[in-house]
Structures are given as C-alpha cells and as structure tokens.
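The figures that follow rest on heavy atoms only: side chains count, while hydrogens, waters and symmetry mates do not.
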Amino acid sequence: FLMIRRPPRSTRKESSAASDVYKRQLIIFGVFLIFVGLIGSFVSVIPGPITAWIGLLILHQTSFVSLDFTFLVITFSIAIGVIFIDYYIPIIGAKKFGGTKSGIIGATIGLFIGLIFIGPLGVFLGTFLGALVGELINNPKDKRTAFKSATGSLIGFLTGVLLKLSVTVVFGYYFFDILFESRNFF
C-alpha cells in the first residue's frame, strides 16, 4: 500500500526534496480518501462524507495549502449532520409509508445480505426485499402494507444515498479546487 514517510529530521529547509515527497504522498492519500468517500456514498459500511472530509483535512496538513480552520469546521459539521440524517431518512420513509420496526430491521439486514451476496445491486434489492420480508413476518396477511413499507424504505435509502453522494462530490470538488488553486504541488 502507500508508504507515507516523514522527511528526515536532519532536513532543516522546509522545501527540501524529502519534504516535497512527503507532501505529495499526503495529497495522493487525500485523493484516495475522496474516492473511497464516493464509494462510501453507496456502501453503508463506509461513511462517505466523513471519509472525504478526512481527505480535505489531510490536504490542509500540507504546506501547499494554508490551514483554513473555519472551512474545516463547517465541512466537518456538514459531514456529521449528513451521517445522522442518513440514519433517520430510511426510518422516516418506512414510517411514512406505514412501516413497522420489523420492516426497518428487515431492511437493514437485507442491505447487508444483499451487499455480501449480490454486490452493489444487492444494496438496493436487499433493502427492498428485507423490508418486505420484515413486514410480512410482522403481519403475513397484509401484503399491500408490506409492499408499501418496503417501497418507502427503498425511497428513504435512495434519498440518503443521493444526499451522501452530493456532499461527497462537493467535498471532492473543493479538494481539487483548493489543490489546483495553490499550484505549488507540481
């Protein structure tokens, strides 16, 4: 994987070759985290906005970019807010469409099972089928409400994915905008 090494302590000059290599390694790692954040927007196991924010934080640790504490606090607050909102959106969607706790638990289990066995498509299909099975276990005779609740859970999940993706793309835009604006890293 990436070996991020600090410049030797004997290096006194800030802009030495060893120091520049270290800074470039940090930037490469930051780019990697932005892309992992994009993947995390779809895969619930990886917190996409937080991962992308860590990429922004790493960018601000280089001397190519001046530290903007206010920017980092605001973007961190947005990333944390999105994580909390993303947790509640599927619950709200399922409740709005008549879902119960069984449907929400089923959607969560279905998400993980779908992800493991089907991959990225399984995230969507697993969420829907998990909510449907959870509702049918709770009330096997009411198939209409179970289907409605599963649809609400899927809509809530897709809304959360869109929200996380939007924030992560904006963080990625700022990452590259700040990086190319400094032009000292080449």
Requested in this report: Verify the cluster assignment for Tyr174 and Trp53: are they in a single hydrophobic cluster under the rule of side-chain heavy atoms below 4.5 Å apart?
Outcome: yes
Requested in this report: Measure the acute angle between the ring planes of Phe128 and Phe147, then classify it against the limits of 30° and 60° as parallel, tilted or perpendicular.
Outcome: perpendicular
Report task. Locate the shortest heavy-atom distance separating Ser102 from Gly134; write the atom from each residue and the value. Result -> CB-O, 3.3 Å
Report task. To the nearest 0.5 angstrom, please state how far the CG atom of Leu57 sits from the NE2 atom of His60. Result -> 8.5 Å
Report summary line: Residues at least two apart in sequence or cross-chain that pass side-chain contact (heavy atoms from CB on, under 4.5 Å) with Ile58, listed by chain then number, are Leu26, Phe29, Leu33, Ile54
Query raised in the report: At what distance, to the nearest 0.5 angstrom, does OG of Ser149 lie from CG of Asn138?
Result: 9.5 Å
Report summary line: Closest non-hydrogen atoms of Ile27 and Phe175, given as atom of the first, atom of the second and distance, are O-CZ, 3.9 Å
Requested in this report: Supply the atom-to-atom distance Leu111 CG to Phe124 CZ, rounded to the nearest 0.5 angstrom.
Outcome: 9.5 Å
Query raised in the report: Do the non-hydrogen side-chain atoms of Leu56 and Phe71 ever get within less than 4.5 Å of each other?
Result: yes
Query - Heavy-atom pair of closest approach, residues Ala79 and Phe171 - result: CB-CE1, 3.9 Å
Query raised in the report: Any side-chain heavy atom of Ile85 sitting closer than 4.5 Å to one from Leu163?
Result: yes
Query raised in the report: Looking at NZ of Lys148 and CG of Leu132, how far apart are the two atoms once the value is rounded to the nearest 0.5 Å?
Result: 14.5 Å
Query - Shared hydrophobic cluster, Leu158 / Leu165 (ILVMFWY, side-chain heavy atoms < 4.5 Å) - result: yes
Query raised in the report: Shared ILVMFWY cluster between Phe84 and Phe157, side chains joined below 4.5 angstrom?
Result: yes
Report task. State the CG-OG1 distance between Leu129 and Thr127, to the nearest 0.5 angstrom. Result -> 9.0 Å
Report task. Measure across Ile34 and Gly172 and return the closest heavy-atom pair with its distance rounded to 0.1 Å. Result -> CG2-CA, 3.8 Å
Requested in this report: Enumerate the residue pairs fulfilling salt bridge (charged side-chain N to carboxylate O under 4.0 Å, His left out) with a member in residues 66-93, sequence neighbours excluded, ordered by first and then second residue.
Outcome: Asp86-Lys164
**Report entry** side-chain contact (heavy atoms from CB on, under 4.5 Å) between Ile46 and Thr51, worked out
**Finding:** CA-CA 8 Å; Ile46 303 169; Thr51 306; 3.8 Å; yes
Report summary line: On a heavy-atom basis, the closest approach of Gly48 and Thr168 is C-OG1, 3.6 Å
**Report entry** Verify same cluster id: Val169, Ile80 (apolar side-chain graph, 4.5 Å)
**Finding:** yes
Requested in this report: Please step through side-chain contact (heavy atoms from CB on, under 4.5 Å) for the pair Val31 and Phe35, ending with a clear verdict.
Outcome: CA-CA 6 Å; Val31 169; Phe35 284 113; 3.5 Å; yes
Query raised in the report: Ser77 side chain to Val73 main-chain N or O, any donor-acceptor pair under 3.5 Å?
Result: yes
Query raised in the report: What are the two closest heavy atoms between Pro49 and Val167, and how far apart are they?
Result: CB-CG1, 4.1 Å
**Report entry** Verify same cluster id: Tyr173, Leu162 (apolar side-chain graph, 4.5 Å)
**Finding:** no
